[in-house]
Amino acid sequence: MRIYSPPTPPDKAMDQMSAWLESPSLVFLGETESHWPTLQKLLTTAKTAGPAVHDARIAALCLQHGARELWSVNCDFRSWPELKVVNPLGTKKA
């Protein structure tokens, strides 16, 4: 099953990415010195393994940069109560 059917054409997707990258308010989140301790805590408290480790990495990035709310349809992010998960589509999945 695909999330987007039909998928966005590559040219249109790249144009959208270029528009977002031109925004003066865009801030890239990256790992800081506190990343590993934050990630380690999330992995340990939620007993995270397998593909959910990538979700924990995203959650750790958000938390270490002060983001306390994540918009996602991925309900796996609810494993970490420190991060409020909002489903932007308004469905019950997140």
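Residues passing the side chain to side chain donor-acceptor pair (under 3.5 Å) test with Ser18, sequence neighbours excluded: none. Under the side chain to side chain donor-acceptor pair (under 3.5 Å) criterion, Glu22 pairs with no residue at all, not counting sequence neighbours.
The other residues sharing a hydrophobic cluster with Trp20 are Met17, where clustering joins ILVMFWY side chains under 4.5 Å apart. Using a 4.5 Å cut-off between side-chain heavy atoms of Ile, Leu, Val, Met, Phe, Trp and Tyr, Phe28 falls into a hydrophobic cluster with Leu21, Leu26.
Here the closest heavy-atom approach between residue Trp80 and residue Ala59 is recorded as CE3-CB, 4.0 Å. Nearest heavy-atom pair, Ser72 versus Pro88, reported as atom, atom and distance to 0.1 Å: N-CD, 3.6 Å. Residues Ala67 and Leu83 come closest through the heavy atom pair O-CD1, 3.6 Å.
For the side chain to side chain donor-acceptor pair (under 3.5 Å) condition, the pairs that include at least one residue of residues 42-55, sequence neighbours left out, are Asp55-Asn74.
With rounding to the nearest 0.5 Å, the separation of CG in Leu70 from CD1 in Ile58 is 7.5 Å. A distance of 8.5 Å separates CD in Glu82 from CZ in Arg68, rounded to the nearest 0.5 Å.
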Which side-chain N or O atoms in residues 33-43 pair as donor and acceptor under 3.5 Å with protein atoms at least two apart or in another chain?
{"residue": "Ser34", "atom": "OG", "partner": "Thr32", "partner atom": "OG1", "Å": "3.0"}
{"residue": "His35", "atom": "ND1", "partner": "Gln64", "partner atom": "OE1", "Å": "2.7"}
{"residue": "Thr38", "atom": "OG1", "partner": "Ser34", "partner atom": "O", "Å": "2.8"}

